[in-house]
Amino acid sequence: MSYWLWLENARNIVSIILLSIASIQDVKSREIDDRVWIVFTASALLINILSVLNGSVEPFWWIVFAGLQSGLFLLLYYGGVYGGADAKALMCLSLMYPSSPTGFLTDLSMARLPVAFSTMNNALLLTTLYLPLNLFWNLHVKLKGVELFKGLGKESVLRRIAALLLLRKVRFSQYRAENTRFVLAERRSRSGLRRIVFARRLDEDKAEQSFDEDEHVFTSFLMPLQTLILLGLVARLFYGDILLSLSLLAASRLAG
């Protein structure tokens, strides 16, 4: 095995192992130990410094592309697209997998983008799987005799449809027991009027005590995005950028 191929395999193995650890922690507690990102960053620096010395990586373009991607991932984090740990995972991948203008054009000709960016695309595409999962969950709750929109009669049809796809109806006691996995998506005013709230911060839930334990409420399930980032990376390494491929396919069909 050539030295270059050994370094490329090291990138993939280290990334998959560390993202697997992050995924396990995310599923268990929705929190990732920062030591995972420290090891990830140190490994990326070591592997790519060796690659620079070997002549297989251009240091200038490595830093430029890693910086541009990391800046984008930070902007998306501050825009509320995902959490801090998810941004750190993508930034580590941008540092681990170097690119260059030539490499970028080569990847683009194969319907691929730089590894970190394609991983994010694949992960975000996989989040759409939660729409039918949420719908099936809510229909199952409905079949058990729970009135999904009890007290929510003033909500519009569109907001109800959105709630069925984006939220999950659970017993309030379950939400309280698993509040690291759910964000409360209902609010009750002092007059007793209930309404759906699609966007809430975790810290807002701590003071929320206005529902009885046996009541059912809509919640937003906090998906373990680290698992989807791991799957997105594996898809990028073995296939490519699923979202870009679908977009190019759709464009070609419309043009042809």
Side-chain angles (χ1 to χ4, degrees), residues 22-32 73-89 120-121 123-229 231-232 243:
S23 298
I24 293 170
Q25 293 181 357
D26 199 16
V27 169
K28 287 184 175 180
S29 65
R30 298 300 191 271
E31 293 185 1
I32 316 297
F73 298 145
L74 278 176
L75 285 175
L76 292 174
Y77 161 65
Y78 286 115
V81 174
Y82 43 57
D86 308 316
K88 291 174 184 176
M120 180 191 71
N121 282 347
L124 293 179
L125 183 63
L126 288 170
T127 62
T128 60
L129 295 175
Y130 276 84
L131 300 180
L133 287 176
N134 288 338
L135 179 60
F136 291 145
W137 174 290
N138 291 324
L139 291 178
H140 176 68
V141 172
K142 174 68 174 178
L143 290 174
K144 292 171 65 176
V146 176
E147 188 178 344
L148 296 180
F149 296 98
K150 182 179 180 179
L152 296 166
K154 293 190 176 182
E155 296 288 358
S156 67
V157 173
L158 287 178
R159 285 177 61 84
R160 293 188 185 201
I161 293 173
L164 291 175
L165 293 171
L166 300 174
L167 306 175
R168 294 188 182 185
K169 197 79 170 184
V170 302
R171 196 182 299 273
F172 187 68
S173 59
Q174 180 183 352
Y175 152 75
R176 292 281 300 278
E178 303 181 56
N179 59 12
T180 59
R181 301 187 180 190
F182 295 96
V183 175
L184 193 61
E186 283 191 35
R187 181 176 292 165
R188 174 179 280 159
S189 66
R190 291 182 179 179
S191 63
L193 179 65
R194 292 170 65 164
R195 64 187 182 93
I196 298 173
V197 182
F198 288 99
R200 297 191 67 174
R201 299 191 310 270
L202 282 170
D203 57 0
E204 288 183 305
D205 282 359
K206 295 179 181 178
E208 183 62 70
Q209 303 290 337
S210 59
F211 295 93
D212 295 332
E213 294 292 304
D214 290 333
E215 284 188 273
H216 283 76
V217 293
F218 275 113
T219 61
S220 178
F221 179 72
L222 299 176
M223 66 183 73
L225 192 56
Q226 290 294 316
T227 302
L228 301 186
I229 290 175
L231 294 175
L243 185 60

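In this text the structure is predicted, and so the values were computed from the model without any measurement.
Side-chain atoms of R159 and L152, non-hydrogen and from C-beta on, never get closer than 4.5 Å to each other. Annotation: side chain of M120 is in contact with side chain of L76 (closest heavy-atom distance under 4.5 Å). The closest side-chain heavy-atom distance from K169 to E186 is below 4.5 Å. Side-chain contact check for F149 versus L164: some heavy-atom pair is nearer than 4.5 Å.
With hydrogens and angles ignored, the 3.5 Å screen pairs a side-chain donor or acceptor of E155 with a backbone N or O of I196. Side chain of R181 to backbone of V27: a donor-acceptor contact under 3.5 angstrom is found.
Residue R168 is tested with T219, N134, N138 for a side-chain hydrogen bond (donor to acceptor under 3.5 Å, both in side chains); the sole match is N134.
Atoms NE2 and OG, on H216 and S173 in that order, are 8.0 Å from each other to the nearest 0.5 Å. Once rounded to the nearest 0.5 Å, the distance linking CZ of F218 with CZ of R194 reads 9.0 Å. Between the CD1 atom in I32 and the CG atom in L225 there is a gap of 10.0 Å [rounded to 0.5 Å]. Rounding to the nearest 0.5 Å gives a distance of 5.5 Å between OG1 of T127 and CE of M223. Annotation: the span from F172 atom CZ to D214 atom CG amounts to 11.5 Å, rounded to 0.5 Å. Annotation: the span from L126 atom CG to L228 atom CG amounts to 5.5 Å, rounded to 0.5 Å.
Scanning both residues, P132 and T128, for their nearest heavy atoms gives CD-O, 3.3 Å. Residue S220 comes nearest to A185 through the heavy atom pair N-CB, 4.1 Å, listed as atom of the first residue, atom of the second, then distance. The minimum heavy-atom distance linking Q226 with A22 is given by the pair OE1-CB, 3.5 Å.
Scanning for side-chain contact (heavy atoms from CB on, under 4.5 Å) contacts around Y77 gives Y82, A87, with sequence neighbours left out. Residues forming a ring-ring contact (aromatic ring centres under 6.0 Å, His included) with F73 (at least two apart in sequence, or on another chain): none. Considering only residues two or more places apart in sequence or on other chains, D26 meets the side chain to side chain donor-acceptor pair (under 3.5 Å) condition with none of them.
Heavy-atom contacts from other residues, nucleotides or ligands closer than 6.0 Å to CD of E31 number 12 or fewer.
Judged by the 6.0 Å and 45° rule, R30 forms a cation-pi pair with F221.
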